[in-house]
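All values below come from the heavy atoms of this structure, side chains included, with hydrogens, waters and symmetry mates left out. Within every chain, numbering begins at 1; the chains are lettered A, B, ... in the order of the sequence lines, protein sequences first and strands thereafter.
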Number of protein chains: 2
Amino acid sequence: MEKQVFKEFLKKKGLKFTKERAVILKEVFSYHGHFDPDELLTKMRKKGLRVSKASIYRTLPLLLESGLIEEVEKIDKHAHYEHTFGHGHHDHMICMKCGKVIELFSDALEGLQEELCKKENFKGIRHVLEIRGYCKKCIGDRKIDIEGRHDRVHPTIFHR
Amino acid sequence: MEKQVFKEFLKKKGLKFTKERAVILKEVFSYHGHFDPDELLTKMRKKGLRVSKASIYRTLPLLLESGLIEEVEKIDKHAHYEHTFGHGHHDHMICMKCGKVIELFSDALEGLQEELCKKENFKGIRHVLEIRGYCKKCIGDRKIDIEGRHDRVHPTIFHR
DNA sequence: ATTGCAACTGAGAATTAGTCTCAATTTTAA
DNA sequence: TTAAAATTGAGACTAATTCTCAGTTGCAAT
Ligand SMILES: [Mn+2]
Ligand SMILES: [Mn+2]
Ligand SMILES: [Zn+2]
Ligand SMILES: [Zn+2]
């Protein structure tokens with residue numbers, strides 16, 4: 001269970017399992033999809049869970065380092081995460097028109113990456129793959145522009 | 001040549017090929033490796049090339065959209081780019097200990113991604129793959145920590 | 001149970017990266 | 001040559017994240 005994983009991780013680093021870290025962990029694992037630090041803070045505030053912005057920004061890197069969450073969608077100005085413990089890693093396709101996020105996983109893809117690492121004597125720990133383009137629906141909407149690459153690089157809508 | 005590509009791109013969008021854009025383009029294509037907007041500005045200032053921060057921040061997305069540069073290393077708080085025109089796309093492995101960047105390209109990997117896109121009816125335009133881990137040298141340095149995942153998530157050294 | 005101390009916390013100041021505003025200037029198509 | 005539309009630079013502004021520091025708290029050793 002994620003709480004145990006986090007506790008052990010912290011102990012091994014000589015860090016403490018505080019109330020704040022516990023409640024942040026719980027909140028993060030109550031979500032299904034992607035989230036960002038500000039969302040996390042706002043939602044916790046609404047529920048009456050009191051943690052400071054600073055603690056959120058301090059805890060997320062620890063969760064990341066412990067492998068309990070991953071960073072996703074590094075496109076926007078701010079960070080996005082999702083918890084992966086118990087779900088398994090996956091990568092993303094992101095529509096540059098409507099912001100739709102398609103999750104993808106492929107053993108072949110993961111395997112190939114491992115091979116490539118081996119070839120370079122590199123010990124791969126984690127990775128982020130994001131494919132940007134246009135979803136089925138948006139290809140239909142605007143064929144011409146798509147061929148000509150004339151979209152905004154950064155889509156407006158991003159969360160889900 | 002990149003100048004022509006950029007000119008045509010701008011014309012197609014109804015934008016102008018200004019002196020500032022020209023000099024930024026030239027500077028960007030004078031680099032070998034990765035760079036970030038602030039570096040770009042500083043280096044240009046040192047050379048007596050006068051462009052404003054605003055123009056740099058306005059031009060980089062255009063270069064990106066035109067396909068002349070790509071975004072890389074989305075880890076740090078700020079954007080990093082490299083020019084790819086005439087070099088070809090590639091992905092990166094980044095050492096979490098020393099910051100070493102290994103460039104990698106694999107037809108198999110690119111092909112597999114295309115397949116995955118097709119399966120989702122997604123029109124892939126570009127992608128970023130970053131594998132984080134430890135380079136050969138750093139594996140030697142600190143076997144124990146590596147197994148235990150006890151490194152900083154964000155390495156200190158990043159440019160090259 | 002008490003203690004000691006390093007780690008942690010919240011509040012808000014500070015910093016960083018990037019965006020916006022607007023008056024003056026430049027590009028480009030006619 | 002002209003004029004509209006796009007662009008520019010300077011600096012104000014914003015958003016996201018980090019830092020500071022004085023007062024807590026967790027926890028390992030008594
Ligand atoms: Mn996801
Ligand atoms: Mn590169
Ligand atoms: Zn779409
Ligand atoms: Zn290394």
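Between dT9(C) and Arg21(A), a contact under 4.0 Å exists linking OP1 or OP2 to a side-chain N or O.
The closest side-chain heavy-atom distance from Leu116(A) to Ile131(B) is not below 4.5 Å. A 4.5 Å side-chain heavy-atom check between His80(B) and Val72(B) finds at least one atom pair inside the cut-off. With contacts defined as side-chain heavy-atom distances shorter than 4.5 Å, the pair Arg21(B)/Leu10(B) qualifies.
Scanning atom types as modelled, one donor and one acceptor separated by under 3.5 angstrom connect the side chain of Lys53(A) and the base of dT17(D).
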Provide a list of protein-nucleic acid N or O atom pairs under 3.5 angstrom, restricted to nucleotides 27-30 of chain D.
unit_1	atom_1	unit_2	atom_2	d
dC27(D)	OP1	Phe17(A)	N	3.4

Mind listing the N/O atom pairs, protein and nucleotides 19-24 of chain D, below 3.5 Å?
unit_1	atom_1	unit_2	atom_2	d
dT20(D)	O4	Arg58(A)	NH2	3.1

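When each of Arg45(B) and Leu10(B) is assigned the nucleotide of DNA chain D with its nearest heavy atom, Leu10(B) is the one assigned upstream, toward the 5' end.
For the 3.5 Å distance criterion, the side chains of His90(B) and Glu82(B) qualify, holding a donor opposite an acceptor.
Applying the ring pair (Phe, Tyr, Trp, His ring centres under 6.0 Å) test to His127(B) and every residue at least two apart in sequence or in another chain returns His89(B). Applying the side-chain hydrogen bond (donor to acceptor under 3.5 Å, both in side chains) test to Ser55(A) and every residue at least two apart in sequence or in another chain returns Ser52(A). Residues passing the side-chain hydrogen bond (donor to acceptor under 3.5 Å, both in side chains) test with Tyr31(A), sequence neighbours excluded: Glu27(A).
Under a 4.0 Å N-O distance rule, the pair Arg58(A)/Glu20(A) does not qualify as a salt bridge.
Comparing the axis of the opening five pairs of the helix from dA1(C)-dT30(D) to dA30(C)-dT1(D) with that of the closing five pairs yields an angle of 50°, rounded to 10°.
One atom, NZ of Lys7(B), and another, C1' of dA6(D), lie 17 Å apart when rounded to the nearest Å. Rounded to a whole Å, the OH atom of Tyr81(B) is 10 Å from the C1' atom of dG18(C). Rounded to an integer number of Å, the gap from Lys19(B) NZ to dG9(D) P is 12 Å. Protein atom OH of Tyr57(B) is 15 Å distant from nucleotide atom C1' of dG11(D), rounded to whole Å. In this structure, the CG atom of Leu49(A) is 12 Å from the P atom of dG10(C), given to the nearest Å. If you take CG of Leu40(A) and P of dT17(D), they are 12 Å apart, rounded to a whole angstrom. Counting to the nearest Å, the P atom of dT7(D) and the CD1 atom of Ile56(B) are 17 Å from each other. Put simply, CG on Leu41(A) is 14 Å from P on dG12(C), counting in whole angstrom units.
Counting only heavy atoms from C-beta on, Glu20(B) has its side chain closest to dT8(D) among dT19(C), dT8(D), dT17(D). Side-chain proximity of Ser55(B) to the nucleotides dG18(C), dT17(D), dG9(D) is greatest for dG9(D).
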